[in-house]
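Below is one structure, written out as structure tokens; comments come after it.
Residue numbers start from 1 in every chain, and the chains themselves are labelled A, B, ... in the order their sequence lines are given, proteins ahead of strands.
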There are 2 protein chains.
Amino acid sequence: MGAMSVVIHADEGDDVVRQGPDARQRMIGAAREIIRERGYHAMSLSEVVERSAAPRGSLYYHFPQGKQQIAAETAGIHAGEQLGEIRRLAGEATSAADLVRGYVDRAREGMIASGYGRGCAIAPLVTGVGEASGGLGEACRLGFTEIVDAIAVQFVAFGLGATAATELAHAVLAGVQGAEITSRALRSPEPFDAVRSALVECARLHAAGTGDAPRRSPPP
Amino acid sequence: MGAMSVVIHADEGDDVVRQGPDARQRMIGAAREIIRERGYHAMSLSEVVERSAAPRGSLYYHFPQGKQQIAAETAGIHAGEQLGEIRRLAGEATSAADLVRGYVDRAREGMIASGYGRGCAIAPLVTGVGEASGGLGEACRLGFTEIVDAIAVQFVAFGLGATAATELAHAVLAGVQGAEITSRALRSPEPFDAVRSALVECARLHAAGTGDAPRRSPPP
């Protein structure tokens, strides 16, 4: 949508448009950083403009609905990045249990690398906005649905049945989301280690019936 | 601390003091509700005063450090209530797995009863405040530590080894915290069901070596 707007207005040649897609992406990146650090309500549009070094005018140009719109797009970008990571980790994994380990460890390393200062970009939108959120609530729902589906698809490719795969994928997403919060509060990787250990055991149990065989088919 | 302040000033007989402990508790209760619904930053002190029907003056009297102080005390109250619930659930449970089931189901029922509108009172303080939080960060750390310890103590009483008990307790807290977020976003109990199923399996595995025996000793 952003790209299209730029094409439509490109002939006007004003500064806002020339800084179009880049400024737009930088603003979403800045919003995402702030949300991961301090949540939705603590994000001021001035800080988004400042961090992204974008002209203030381009904020209203790209996000006419303001803060909720930029946050909703941030949730989509965050989920999209997760999908890519899940695909990459699944390509490196030798079993469902191995994918679980990789996915938990990725979040664990990110938390430690941020000095326990940065969590998921979607969770604060869920806890910090509540009911009155329209498109933002829908963006969170969609983001989490996509992540669960992406993990489940890989579990199926590793030989799990569809129901078991979806259930385990929900447990993996919830486990990592929760560890992001308790690990951050405790400033310790212990919750990630505990979640990994529990979920790897479950993945092995589910795979036991299938012989924990190598992937049956490439992911879609 | 609040009660002590009231004793010290009781002779002054002003309205603030007469409404002392009750108004204080009502204000913490109101703050807790708002934080569970919309997080820390969305909580205005005016709304706390309004919801608690407390005189505005008593807010500054009981919470001279303002918003961070009331939120920190809210985290303590929330954790304290959890400790009571864990003790109660453990008293009704017949095994570690049974306690896991009860603890997850309690959170699941609360989420459904709130129409997916109310989560944990501590999580939004962790994701919504970040580093600059001093006493508030410490209150969150302490709250989660107490909950993990309380669950682990019960697991030990049900026969698990100390290390396994602490690890499983971390996984249970993280699993429930994560399900509170993804279930709320998805407006579905599925994440709670998945987390319960995974953690009950783990509790059974851990208990297998101990014969899943009845509690060895009453909890402290």
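- The two residues B:G175 and A:A174 have their closest heavy-atom pair at O-CB, 4.2 Å.
- The most heavy-atom pairs under 4.5 Å with chain A, out of B:R36, B:Q177, B:E190, B:R196, come from B:E190.
- For the atom pair B:L199 CG and A:L199 CG, the distance stands at 7.5 Å (nearest 0.5 Å).
- In plain terms, the two heavy atoms of B:T127 and A:R184 that are nearest each other are CA-NH1, 3.9 Å.
- Proximity to chain B is absent for every atom of A:S183, based on heavy atoms less than 4.5 angstrom apart.
- The greatest number of non-hydrogen atom pairs below 4.5 Å with chain A, out of B:A42, B:C140, B:G119, is found for B:A42.
- Contact annotation for B:T166: only side-chain heavy atoms (C-beta onward) come within less than 4.5 Å of a heavy atom of chain A.
- The greatest number of non-hydrogen atom pairs below 4.5 Å with chain A, out of B:D193, B:V148, B:T182, is found for B:T182.
- Atom CD of A:E201 and atom NE2 of B:H206 lie 5.0 Å apart (nearest 0.5 Å).
- The heavy-atom pair separating A:H170 from B:A194 by the smallest distance is CB-CB, 3.5 Å.
- Contact count versus chain B (heavy atoms, under 4.5 Å) is highest, among A:H41, A:E167, A:R141, for A:H41.
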